[in-house]
Amino acid sequence: MATDTLKSTTGAEAASGGLRRLLLDNGALTALIVLVIAMSALSGDFLTTDNLLNVGVQAAVTAILAFGVTFVIVSAGIDLSVGSVAALSATVLAWTATSAGVPLVVAVLLAIATGIACGLVNGILISYGKLPPFIATLAMLSVARGLSLVISEGSPIALPDSVSHLGDTLGGWLPVPVLVMAVMGLIAAFVLGRTYIGRSMYAIGGNEEAARLSGLRVKKQKLAIYALSGVFAAVAGVVLAARLSSAQPQAADGYELDAIAAVVIGGASLAGGTGKASGTLIGALILAVLRNGLNLLNVSAFWQQVVIGVVIALAVLLDTARRKAGATPLAAGTGGGNKGKQATTYGLAAVVTVAIVGATSFLHNGSSATSSPKMGLSLSTLNNPFFVQIRAGAQAEAKKLGVDLTVTDAQNDASQQANQLQNFTSSGLGAIIVNPVDSDAASNSVKAADKADIPVIAVDRVVNNAKLDTLVASDNVAGGELAAKSIGEKLGGKGKIVILQGQAGTSAARERAQGFANGLKAYPDIQVVAQQPADFDRTKGLDVMSNLLQAHPDVQGVIAANDEMALGAIKALGSKAGKSVSVVGFDGTPDGLKAVEGGTLYASVAQQPSQLGKIAVDNALRALKGKKVEETVKVPVKVVTKENVAGFSG
């Protein structure tokens, strides 16, 4: 009896220890399962075929980048340049396929060659220049991004339709980016597990000196490792450009951090020597599920960054716990006898997930649909007061009309906005309102909404090459002409001025610049000594104006394409603002109007952003109900100076 009890206890302890070891050895997979179950329980829109495919598409670029970064991290290195290399490769592809007239196949090969070249430069600096990987790849991050901006001249380059099809679906349901992700994942797994270079990565990451003494040509192997990372970055850039129908010189900004996070969450150690392609894929899926689910739950983009940071920290803590517990994740290609066990683990995880998710789906079955119309509003950024006012106007009108409005912040990332619009479409919203980050990049997402018969209303900026139900915007050309007239009259028809341009590629920046040019034709004695983009950002406006003052200290006027850049210019001008230098802004934001009242900003061409938001919601509701809407609704603009600012309500 005692013996039987002892055996029973020992068996229970063994089972408990086995479960604990299973969870530790498959921490990322466990986290993914928990996330899928949680999101399925919290949102009835998560567990749909369309949305799960969205998750795959949204994970694709990060996963492809992360596969390349896996090679580097396994070898105890780091690559901070992959996001910029992706943007540069996409820019090379678009420029060669359009401006240079190169055949598409050759253009793609040149894009891949660009990635290889960047990787080789990284490898040379690290292996032969003895630079730390952090410094070498940080330098390449800046160089590649700069070259992307130089080649594109700061503006997005629209892709030929033959390239854009890479962002479409096969058979009407399988997204091409998901297919490319799977292929690149298999290649990464093969390289790590079945090739000499793969074994070299683990050897170098485990102990570089021992690898060198054993006869491994470490320097040459590092060249190959970083070149491989460049190849994967280039492929990611092509996929991203295809999704956005354009090569964005600022694309994939910060994606290197997501790629590194995916590798670490997937179980790789930054100390080197461990890591697998399957773990990296799981890490990328975790990030995609988090963002997708949090978007569906209408969680602020700012809080999403907090959550993702917490997840990364927990992943590192789990790795520490795993090592202390004696868990030893195997290098790919080693321990072949465990492959059957690993396959069984993945299969069991899939069965458990399906069972639990199926059970949680009953939480959403039978629930009565709300009578309130549902809409989504995707804003390019909420870091700008102008767009905050658009949101306020839209939310106030939605509340008044009984509309359930979901607002998202793309943080000036065209790819993130594409994800948000995809989520809106798969959620079955009644209407979508979009303020595009880039007029070309939003086109594929708007086309998808059109196919789903969801009305789309654009606010402030148009969407190119896509059908819109309504465009609600100020007359930016007329506003630009008013700004030029204001500065011309203030300077008496002659003088030197500089122009701070908006974010390249947006219709607002393009139309306002056209208005400035049209208006200045009436003042031939006014000389535009410099025109530089400051991306509608106050800090960039300060920096650009500070630089321009070094070359043109005698400037007498400034026209800025929005108030934020104008306020940055005022800061750079210091005591000159409002005295020897007159500044004209655009938008009529609260801070801009305060500067007008204080005399440092001579005038602001005031839009009515809250009215833009209000009218957009009104038109979206009309379109949702099948009523006729105007193709374009223009909201008047007005020049506000110190004389009339007190009576301007905004």
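In what follows, residues are counted from 1 in the order of the sequence shown. In this text, all values refer to a predicted model and were calculated from it rather than measured experimentally.
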field: Under 3.5 Å: donor-acceptor pair, side chain of S604, backbone of G588
entry: yes
- request: May I ask you to check whether Q607 and D587 show a side-chain donor-acceptor distance below 3.5 Å?
  value: yes
task: To the nearest 0.5 Å, tell me how far L80 CG sits from L141 CG.
output: 7.0 Å
query: Side-chain contact, heavy-atom cut-off 4.5 Å: V558 with V584?
result: no
task: Nearest 0.5 Å please: distance from the OG1 atom of T425 over to the CD atom of Q422.
output: 7.5 Å
message: Quick check against the 3.5 Å criterion: does D469 have a side-chain atom that pairs as donor or acceptor with the backbone of N619?
response: no
task: Find the distance between CG (L601) and OG (S582) and round it off to the nearest 0.5 Å.
output: 10.0 Å
- prompt: K594 and D563: salt bridge (charged side-chain N to carboxylate O under 4.0 Å, His left out), yes or no, with the steps?
  reply: CA-CA 11 Å; K594 286 180 183 177; D563 284 346; over 6 Å; no
query: Could you give the distance from CD (Q417) to CG (L379), rounded to the nearest 0.5 Å?
result: 8.5 Å
query: With a 4.5 Å limit on heavy-atom distance, are the side chains of S439 and V463 in contact?
result: no
- request: Could you check if a side-chain atom of I432 sits within less than 4.5 angstrom of a side-chain atom of I457, using non-hydrogen atoms only?
  value: no
task: Verify salt bridge (charged side-chain N to carboxylate O under 4.0 Å, His left out) between D525 and K496, making sure each step is shown before the conclusion.
output: CA-CA 9 Å; D525 292 330; K496 295 180 179 180; over 6 Å; no
Heavy-atom side-chain contact between M375 and T406 under 4.5 Å: no
- prompt: Does D438 use its side chain to pair, donor to acceptor, with the backbone of D440 at less than 3.5 Å?
  reply: yes
- prompt: Can you check salt bridge (charged side-chain N to carboxylate O under 4.0 Å, His left out) on D535 and K540, steps first, answer last?
  reply: CA-CA 7 Å; D535 299 340; K540 290 183 180 178; 2.9 Å; yes
message: If you count heavy atoms of other groups shown closer than 6.0 angstrom to CD of Q531, is the number above 12?
response: yes
Check: Q248 main-chain N/O paired with S246 side-chain donor or acceptor under 3.5 Å: no
query: Are T114 and S89 linked by a side-chain donor-acceptor pair shorter than 3.5 Å?
result: no
message: Would you say N122 and S81 are linked by a side-chain donor-acceptor pair, where the criterion is simply a distance under 3.5 Å?
response: yes
message: Tell me the closest heavy-atom pair linking A449 and V456, and the distance in Å.
response: CB-CG2, 3.7 Å
query: Any side-chain heavy-atom pair from T470 and V633 closer than 4.5 angstrom?
result: yes
I78 vs I260, side chain to side chain contact (heavy atoms under 4.5 Å, CB included): CA-CA, chis, key distance, verdict: CA-CA 8 Å; I78 199 76; I260 293 169; 3.8 Å; yes
- request: Begin from the C-alpha positions of F386 and L612 and carry the test side chain to side chain contact (heavy atoms under 4.5 Å, CB included) through to its verdict.
  value: CA-CA 10 Å; F386 177 77; L612 290 175; 3.7 Å; yes
query: Going by distance alone, is a donor N or O of one side chain under 3.5 Å from an acceptor N or O of the other, for S610 and Q389?
result: no
- prompt: If we only count heavy atoms from C-beta on, is the R243 to N444 side-chain gap below 4.5 Å?
  reply: no
query: For the side chain of N562 and the backbone of F586, is there at least one donor-acceptor N/O pair under 3.5 Å apart?
result: no
query: If only atom types and distance count, is the side chain of N547 paired as donor or acceptor with the main-chain N or O of D543 below 3.5 Å?
result: yes
- prompt: Where the side chain of E564 meets the backbone of N384, is there a donor-acceptor pair that is under 3.5 Å apart?
  reply: no
query: Looking only at heavy atoms, what is the nearest atom pair of L573 and M545, with distance?
result: CD2-CE, 4.1 Å
Chi angles and distances behind the side chain to side chain contact (heavy atoms under 4.5 Å, CB included) call for I433, S378: CA-CA 6 Å; I433 305 170; S378 176; over 6 Å; no
- request: Working to the nearest 0.5 Å, report the span between CD of Q556 and CG of L491.
  value: 6.0 Å
task: Taking N476 for its side chain and A508 for its backbone only, find out whether a donor-acceptor pair lies under 3.5 Å.
output: no
query: When you look at R538 and L542, which way does the side chain to side chain contact (heavy atoms under 4.5 Å, CB included) test go after all the steps?
result: CA-CA 6 Å; R538 189 182 303 198; L542 167 61; 5.9 Å; no
- prompt: Are the side chain of N435 and the backbone of V459 linked by a donor-acceptor contact shorter than 3.5 Å?
  reply: yes
query: In terms of side-chain geometry, is the basic nitrogen of R622 or D618 positioned less than 4.0 Å from the acidic oxygen of its partner?
result: no
- prompt: Nearest 0.5 Å, what's the CD-CG distance between Q527 and L520?
  reply: 12.0 Å
field: Test item: side-chain donor near acceptor, N292 and N419, under 3.5 Å
entry: no
- prompt: Taking N644 for the side chain and V639 for the main chain, is one N or O donor matched with an acceptor at less than 3.5 Å?
  reply: yes
message: Testing the basics here: between A234 and A111, what is the closest heavy-atom pair and its distance to 0.1 Å?
response: CB-O, 3.5 Å
message: Would you say that N54 contacts N423 through its side chain, given a criterion of any heavy-atom pair below 4.5 Å between the two side chains?
response: yes
Residue pair F424 / I454, side-chain heavy-atom distance below 4.5 Å: no
- prompt: side chain to side chain donor-acceptor pair (under 3.5 Å) between S152 and T91: does it pass, once the steps are laid out?
  reply: CA-CA 7 Å; S152 66; T91 302; 5.2 Å; no
